[in-house]
Amino acid sequence: MKVSICIGSACHLKGSRDVISILQKLVQESGLEDKVNLTGAFCSGNCEKGVCVTIDDGEEIYTVRPETAQAFFNDQILTRLGE
Ligand code: FES
């Protein structure tokens, strides 16, 4: 699964760096490094929704903040993997 986190300037200001590090930690703690590929993405023009995250280059844009990163991980990443 590819999870792309926007690292454009607007999303950066909303905490994309923290979102990435939180997700990285959760992926490692769950032993999912082989299944989840976290990657940076450029601004998609949806800055007001930031921090913008997409899964497998899908249409849907998820708004993830450092304080909601854990919930995103549980609800989207783990659920999709069937974990
Ligand atoms: S900076 Fe993230 S969508 Fe524009």
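Whatever order the structure lists them in is the order used to number ligands and atoms, beginning at 1. Residue numbers start at 1 and run along the sequence shown.
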Q: For a distance under 2.8 Å, give residue and atom name for each protein N, O or S atom next to atom 4 (Fe) of ligand 1.
A: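 Hits for atom 4 (Fe) of ligand 1 below 2.8 Å: Cys43 SG, Cys47 SG.
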
Q: Of all residues at least two apart in sequence or in a different chain, which pass the side-chain contact (heavy atoms from CB on, under 4.5 Å) check with Ala69?
A: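 With sequence neighbours excluded, Ala69 shows a side-chain contact (heavy atoms from CB on, under 4.5 Å) to Ile22, Leu23, Val64, given in chain and number order.
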
Q: Given 3.5 Å as the limit, does a donor-acceptor pair link the side chain of Asn37 with the main chain of Met1, or not?
A: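 The answer is no, because no donor-acceptor pair under 3.5 Å joins these two groups.
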
Q: Run the side-chain contact (heavy atoms from CB on, under 4.5 Å) test against Glu29 and tell me which residues pass, sequence neighbours left out.
A: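 Once residues adjacent in sequence are excluded, the partners of Glu29 under the side-chain contact (heavy atoms from CB on, under 4.5 Å) criterion are Lys25, Leu26.
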
Q: Hey, could you give me each pair passing ring-ring contact (aromatic ring centres under 6.0 Å, His included) that has a residue in residues 31-69? Not counting sequence neighbours.
A: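 ring-ring contact (aromatic ring centres under 6.0 Å, His included) check on residues 31-69 returns Tyr62-Phe72.
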
Q: Show the nearest heavy-atom pair for residues Asp18 and Pro66, with the distance to one decimal.
A: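 Reported closest heavy-atom pair: CB-CG, 3.8 Å.
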
Q: So which of Asp56, Thr54, Thr39, Asp57 actually passes side-chain hydrogen bond (donor to acceptor under 3.5 Å, both in side chains) with Lys2?
A: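 Exactly one pass, corresponding to Asp57.
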
